[in-house]
Amino acid sequence: ALWRKKHDWNRTWQTHNPDLTPCFQNTVLVWIPCLYLWLFAPLYILYLKRNDHGYICMTHLNRAKTAIGFTLWLICWADVFYSFWERSHGATIAPVYLVSPTMLGVTMLLATFLIQYERMKGVQSSGVMLNFWLITIVCATVTFRSKILHALNEPASVNVFKYTTFYIYYTMLLISLILACLSDQPPLFSQANPCPESGIYNIFLHFVKALVITNAARRTSTVGEIVNLMSVDAQRFMDLITYINMIWSAPLQVILALYFLWQNLGPSVLAGVAVMVLMVPLNAVIAMKTKTYQVAQMKSKDNRIKLMNEVLNGIKVLKLYAWELAFKDKVSDIRESELRVLKKTAYLGAVSTFTWVCAPFLVALSTFAVYVLVDEHNILDAQKAFVSLALFNILRFPLNMLPMVISSMVQASVSMKRLRVFLSHEELDEDNVERPAISSCDVSFSLFRINVHIPEGAFVAVVGHVGSGKSSLLSALLGEMQKQEGSVSIKGSVAYVPQQAWIQNATLKDNILFGRDGKDSWYQKVVEACALLPDLEILPGGDSTEIGEKGVNLSGGQKQRVSVARAVYCNCAVYLLDDPLSAVDAHVGKHIFEKIIGPQGLLQGRTRVLVTHGLSFLPQADLILVMVDGEITEMGSYTELLGRQGAFAEFLHTYTNTEQEEVEESVGGEAGRFIAELLSSGTGKTPQKTEPNDVAAAKKTKSAEAARLTEADKANTGRVKLSVFWEYMKAIGLPLSIFSIFLFFCHHLSSLGSNYWLSLWTDDPVINNTQPNREMRLGVYGALGISQGIAVFCYSVAVSVGGILASRYLHQTMLYNILRSPMSFFERTPSGNLVNRFAKETDTIDSVIPSIIKMFMGSMFNVLGSCAVILIATPLVAIIIPPLGLFYFFVQRFYVASSRQLKRLESVSRSPVYTHFNETLLGTSVIRAFGEQQRFITESDGRVDHNQTAYFPSIVANRWLAVRLEFVGNLIVTSAALFAVMARDSLSPGIMGLSISYALQVTASLNWLVRMSSELETSIVAVEKVKEYGDTEKEAEWRLEHSTLPAGWPTAGHIEIHNFGLRYREDLELAISDISVNIEGAEKVGIVGRTGAGKSSLTLGLFRIIEAAQGEIHIDGVNIAELGLHELRSRITIIPQDPVLFSGSLRMNLDPFDGYTDEEVWRALELAHLKNFVSGLPDKLNHECSEGGENLSLGQRQLVCLARALLRKTKILVLDEATAAVDLETDNLIQSTIRTQFEDCTVLTIAHRLNTIMDYTRVLVLDKGQMAEFDSPSNLIAKKGIFYKMAKDSGLV
C-alpha cells in the first residue's frame, strides 16, 4: 500500500486538505534532522574542544535533558523491535520502517552525548542543539497532523502501538525544545563576560598590541590612528554583525518572491528580473568607488585626530606663543579634504538611493507594461495587480538591504585591513634582554660596540653631552631597542624612572603604589625620602588628591619626585634612573640623592644606573661611563678617570674652574610651578598665613571634593531638547531644510498617486476580453513613477549636502570654541572626552545623521500614507486605529526613552576607555619596565566591559520593540482585511487591493519608524555634545576690533607690575599677591624661590594665561589687560619648561605662520647650536618630527624652543626653567647665546641653577606668593636673607 501511495501526489496537491504521503513522512522528514546533527556534530565538537569555558556542575535542567534524550532513544528502539516482531509474525514490513527509527535512535544518542559534552565544556545554552530540536519538531508536526487526520478518517486502519509511541515521542520532543530554550548555570573557573561583542575583543587586541610594539612601529601608528582603530573601526564590526544574516536571507526572499510572481504573471516577470540584474553592476561600481573614498576619508580622519591630540597635549604652548590660529587652519585644511571626500560619497549615495528606491517601481512598471502589451487578452485585474504589487514590495526590503549589507561589508573590510596592518607591526623581542636566575653580575651587555659589566649592588653614573645616547643606553637595558647583535642580561626585577615623568590620572598615592600592596611604614619612608611631605601639606586632599592627566596639577619637580617614589616603593633589584634630578631644586636634589640614590640611601646594596648632568654626585659613584655619539669612550671610578687626563678630566676641569662648588649642586630646575598653582582645578594653596593653631583645622578641611580634579563625561538625561534639532537645522540652513521636507512630500505623493492610479486601472471595465485605454493608463503610471525617481534623487542630494554643511559648521565652531577656552578648562576636561568629540561624535554627524534623517522621513511619510489609504478605502478601520495608535505611542515612548539613555551611557562610558588607552600609550616604556602590562590590560578590559554593559541592553531593547510592533502591524492587516470582507459588496476590488497592500507594508514601516526616531534622537546627542563647548567659559578676545597699539610695541621692554595678584579659581586664595616691581628696558632679572613660591604664577600672569585678580601690569606704559591676547602674546616670548614639539616639519615647528625666510630660520638654528645637527639630516628643515617630537632627544627639543625664541626676537624674553634638561656644556652655550643675542631685551629668568643668574642686574625673591626681596645679587647676599640661604645651599657662598 505504501509504495502505491508514493506516486499518489494528488493527495498533496489537488485537494482542499493537502497532506504528504506516508513514504515522504517516513523518509525525508525523519532524515532531515538526522542529517543536520551528523553534519554539524564533528565541527561543533572540534569547536568545543578548542573553546573550553570551564565546567558546569550537574543541574536539574541537565538531568532532565539527559533523561529525555535516553527516553527518545528507547522509543525509537521500541519501534524497531516492534517492526521485527511484526515481521516474525508474517507481516510484510517495508525496510524504511527499520532504517528510519534506527537512524533516529542513533541520532538521539548523539544528541544526548552532545548535551553532556556541552556541560563539560561550560556551554550554558546551545544554538546547535536548539536548532536540532526545532527542525525535529517541525518535521514531526507534519506527521502528527497527518496521523490525527488518518485516525479521524480511517479509524479501522490505525496501528495502536506505533501511534502511541509516536505521540509519546512528539511530547518528549516538545519538552526537549522548551528545555533547550533555558540557560544552564555559569561554568566554574570562567571569566563571566557580560556579553560577547566583537568590539570588545577588538579593543582588547589593540590594547595588548599597543603594549608590545617597538618604538619604530609606534612612530608609524600615531596615537590618533590607534584611537580611531579602537573607536571607529571596532564599531564597524559591531555594525556588520547586525546585517550578517541578510547575506543568505535576502537572496532567498528574492527567489521566493520571483517564483510566486511567475505563477501570477508568467514570463512577463523576466522583464522585471532584467531591470534588477541591470541594477547590480551599477551598484557594484558605486560600492567600489565608495570603498576608495572610505579609505581616503579614514586617512584624513586619522591625521586630523592625530593633530587634534597633539594640539590638546600642547595647548599651553600654543597659547603662550599665540599659535592657535595656525593650528586651527592646519586642522581645518585636513577637515576640508575629509569633507570633499564625504561630498563625493554623498553624490554616490544619492545615485545609489535613487536606484534602490526606484528599483521596485521600475520592476513593477516593466513587468506590467510587458504583460499588457504582449497580448491584448492579458487583463490587469485587481488580483493580478495587487498580489504582484505585494510581492514587489516584499522584494523591496531585501533589495534595499543588500546595498547596506554590501557597504557595511566594504567598510568592515577596509577596517579589517587597517587592523591587520596595526596588529602585524613588529613587536619587541622578549629576548632582547636575558634574565638569568643567578649570575655574579647584575647587568652586562654590548650595544654599538659597547661592553660593560656591572657588578651587583654597584652605583653607576652615565655622563655625556645632549644626544650622546645616554637614554638609549637605558632603553637598551630595558629591551626597548632592537638588538642587532651581542647580548644584554639583567638579573632581578627592574625599576625605571624616565627623563620625562609619566604620571597617571589617579590619586597621588595610587601613582606611587602603582598597583603594589600598601605597606604603610615603607610608604611613609619613601614619601619622606623623596621630599614629598611638604607637597602633601599643600595639596588640597593630601595624598588622596587626584592628579590630572599627564600630571597637569603638579609642578615639574613634583612629577619627577612622584616618579622616583614609584620606583623606590616597588623595591626592585635594579634601578635605571634617567636624569631624575634635573627637574628639582638644588637642595631637593641633594636631599633625594643622599636619602635614596647615594651610598647611605634607601637603595644601598641595589644596582643603580644613574644618567646625570650633576657633577657633584660623580665622586660617590663606583663606576662612571662617559658616552660620546652612542659609544662609551671611557669608564672607571672618579679618581681613575681624573688620573687618565682624558676627555672626562678635561670636561670636569672646564666646569669646576668656572663654577667651582655651585655646579656640584646645580642639578637642574624644579618646576617652579606650585602645584595648585597650576591652573584651575581642584588644587589650591591652603591659606598660607594661618596661625599655628589653625593649621590643624585647615588640614581637616581637605575634603574629598577638593581632591577631585577632572570632570568625568556627564550623561544628559531626559528627552533631547527641540533646540538641538533646531540648532542642527540652522547649521544646515533653513531654506535647504524646508526644501528637503518638501521633496520628501512630493516623492510620497507621487508614490501614492501611482498606486491609486493602478487601482483605478484594475477597475476598468473589460470589453471583448481587452481593457480599452490601457496605453493611456500605462503612460500616466510611468510618468508618476519617473517624477517619484526625480524627487528621490533630489532629496537624497539635498539631505547629504545639508549634512555636510552642518558638520563643517559644527566642527569649525567646536574647534574654535575649544581653542578659545582658558587653560583651566583643559586641566579639568580629560583629553579622552575632547578626542571622543572630535573622533566618534564628529563621525556620527558626518556619516550617520544624514542617512538616518533620510530613513526617518521616508518611514514617517510611509506610515502616514498607508494609514490615509486604509482609512479612505475602509472607513471602519477608524474604530481600531486610535487604540492601536495609543498602544504604539506608549511602546514607542517607552522604547525611545530607554534606548536613548542607554546610548548616552554607552557614549559616556566610552570616554574613560580612550583616556586610559591614551595614558597607557604615553607610559608604555614605564609599564613594560615594571612588568605591569597585565594589570593595565585588566584595567582596560574592565573599562571596556563597563562600556559594553550599556551596549548589550540596547540590542535587547531592539528585539523587545520588534515583537510589540509586529503585533500592532498584524492587527492592522487583520482589521483591514476583515473590514474589507465585511464591506465587499460596496467596495471596488481595486481599492480593496490597494488598502490591503498598504496594510501589509505598515509593519515594516512602523518598525523602521520607531527605530529611526530613536536612532535620530540618540545620534542627535552627538550634536548636543559638540555644542556644549560653546557655552563654557572663554578667554578674552584674541584681537580687539579697534586696536590702538603702536606697530613696533614693545619698543623698550619696560615692565611695571603694580600691586599684582592672581588666583587659580574663584574659590581659592590668591596664589600671588601684592607684587609691585619696576623693571627697566633691557634689564636682566632672575626670579627665584622655593617650590610653590609663585615663580611660574608670575609668568602666567604676564602672558594672561590666568587673568589678574588684583593690580595691573604695564609694558611700555600700555596696560596689558586692555590688549587682545594674541597682540600681547605674540609680542613677548617665552621658552617654556616642557619643550613641546608638534608632528610636522622642523620648519613648521619653528615658524607655523611662515612669517620668516629660510635664511632667518637657519640663522636662528645656528645661534641655538642646532645648525650642525639639522644640516646633517637628510631632509634638513623639512625633517619630519614625530608625534610630540619623540625622534629628538629632550635636550635637542629644548634647543628647538630656544631657536623659536631667537626667531621671534621680541623685546621681552621669559625663561622658565629652560635649561633643566641639558648638560652643563649646552647650558653654557644657551646662556651665552641669550647674553649676546638678547643684550638689548628685557630677560626674566626663573632659575634653579643660581649660577646662571649671578651676573643679572637684579633678582626677585618670592616666598609664599609674595615679594620677599628685590635687589642686585651682591646686595642680596650682603643682606643675608632668603637669597643668601639659597646661595649657601648651592655652595655659591
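Everything numeric in this text was worked out from a predicted model, so none of it was measured.
- Put simply, OG on Ser954 and OH on Tyr895 are 7.5 Å apart, with the number rounded to the nearest 0.5 Å.
- At least one side-chain heavy atom of Ser337 sits under 4.5 Å from a side-chain heavy atom of Arg340.
- What you find for Ile247 and Met409 is that their closest heavy atoms are CD1-SD, 3.8 Å.
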Using atom types as modelled, flag every donor-acceptor pair under 3.5 Å from a side chain in residues 249-261 to any protein atom, sequence neighbours excluded.
from: Ser249; atom 1: OG; to: Asn245; atom 2: O; distance (Å): 3.3
from: Tyr259; atom 1: OH; to: Gln263; atom 2: NE2; distance (Å): 3.4

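- Between the side chain of Ser800 and the main chain of Val797, no donor-acceptor pair closer than 3.5 Å is present.
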(request) Quick one: do Val801 and Tyr347 satisfy side-chain contact (heavy atoms from CB on, under 4.5 Å)? Show the steps, please. (result) CA-CA 8 Å; Val801 171; Tyr347 292 140; 4.1 Å; yes
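- Put simply, CZ on Arg236 and CD on Gln294 are 5.0 Å apart, with the number rounded to the nearest 0.5 Å.
- Note: Leu784 CG to Asn755 CG = 9.5 Å, rounded to the nearest 0.5 Å.
- Summarising the geometry of Ser415 relative to Phe237, their closest heavy-atom pair is CB-CE1, 4.2 Å, with the distance given to 0.1 Å.
- For Lys343, the NZ atom is loosely surrounded, since the number of other residues' heavy atoms within 6.0 Å does not exceed 12.
- Taking CD of Glu775 as the reference point, atom CZ of Arg777 lies at 12.5 Å (rounded to 0.5 Å).
- Contact record, Ala976 with Ala999: CB-CB, 3.9 Å, taken as the closest heavy-atom pair.
- Under the 3.5 Å distance criterion, the side-chain polar atoms of Ser807 are matched with a main-chain donor or acceptor of Ile804.
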Could you tabulate the donor-acceptor pairs under 3.5 Å formed by side-chain atoms of residues 360-369, not counting sequence neighbours?
from: Ser366; atom 1: OG; to: Leu362; atom 2: O; distance (Å): 2.8
from: Ser366; atom 1: OG; to: Val363; atom 2: O; distance (Å): 3.0
from: Thr367; atom 1: OG1; to: Val363; atom 2: O; distance (Å): 2.6

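- Panel note: side chain Ser866, backbone Asn862; a donor-acceptor pair is recorded below 3.5 Å.
- Between the CE atom of Met857 and the CE atom of Met1012 there is a distance of 14.0 Å, given to the nearest 0.5 Å.
- Heavy atoms of other residues, nucleotides or ligands lying less than 6.0 angstrom from CZ of Phe725 number more than 12.
- Annotation for Tyr36: atom OH counts as buried by contact number, over 12 foreign heavy atoms lying within 6.0 Å.
- In this structure, the side chain of Thr292 engages the main chain of Lys289 through a donor-acceptor pair within 3.5 Å.
- Contact annotation: the side chain of Tyr293 never approaches that of Leu342 to less than 4.5 Å [non-hydrogen atoms, C-beta and beyond].
- Side chains of Ser146 and Gln25: a donor-acceptor N/O pair is present below 3.5 angstrom, by distance only.
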(request) Apply side-chain contact (heavy atoms from CB on, under 4.5 Å) to His748 and Leu864, showing your working. (result) CA-CA 10 Å; His748 283 279; Leu864 293 175; over 6 Å; no
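- The side-chain heavy atoms of Leu961 and Phe894, taken from C-beta on, include no pair separated by under 4.5 Å.
- In plain terms, the two heavy atoms of Ser750 and Gln788 that are nearest each other are OG-CA, 3.4 Å.
- Between Cys139 and Leu29, the closest heavy-atom pair is CB-O, 3.3 Å.
- More than 12 heavy atoms of other residues, nucleotides or ligands shown are found within 6.0 angstrom of CE on Met860.
- No donor-acceptor distance shorter than 3.5 angstrom exists from the side chain of Ser1019 to the backbone of Leu1016, with no hydrogens or angles considered.
- Ile32 places none of its side-chain heavy atoms less than 4.5 Å from the side chain of Val138.
- Of the possible polar contacts, one joining the Thr974 side chain to the Asn970 backbone as a donor-acceptor pair under 3.5 Å is found.
- Using a 4.5 Å heavy-atom threshold, the side chains of Trp761 and Val372 count as touching.
- Residues Thr290 and Val410 have side chains not in contact (no heavy-atom distance under 4.5 Å, counting atoms from C-beta outward).
- The two residues Leu240 and Ala412 make their nearest non-hydrogen contact at CD2-CB, 3.8 Å.
- Contact check for Lys417 versus Val295: no side-chain heavy atoms found under the 4.5 Å cut-off.
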Show the atom names and distances, to 0.1 Å, of all donor-acceptor pairs under 3.5 Å that link a side chain in residues 728-746 to residues at least two apart or in another chain.
from: Ser737; atom 1: OG; to: Gly733; atom 2: O; distance (Å): 2.9
from: Ser740; atom 1: OG; to: Leu736; atom 2: O; distance (Å): 2.8

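- To the nearest 0.5 Å, the span separating OG1 on Thr762 from CZ on Phe386 amounts to 5.0 Å.
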(request) Please lay out, stage by stage, how Val869 and Tyr756 fare under the test side-chain contact (heavy atoms from CB on, under 4.5 Å). (result) CA-CA 9 Å; Val869 170; Tyr756 182 63; over 6 Å; no
(request) Quick one: do Val269 and Tyr371 satisfy side-chain contact (heavy atoms from CB on, under 4.5 Å)? Show the steps, please. (result) CA-CA 8 Å; Val269 175; Tyr371 182 70; over 6 Å; no
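- Judged purely by atom type and a 3.5 angstrom limit, Ser859 uses its side chain to pair as donor or acceptor with the backbone of Met855.
- A donor-acceptor pair under 3.5 Å links the side-chain atoms of Arg964 to the main chain of Trp960, judged by distance alone.
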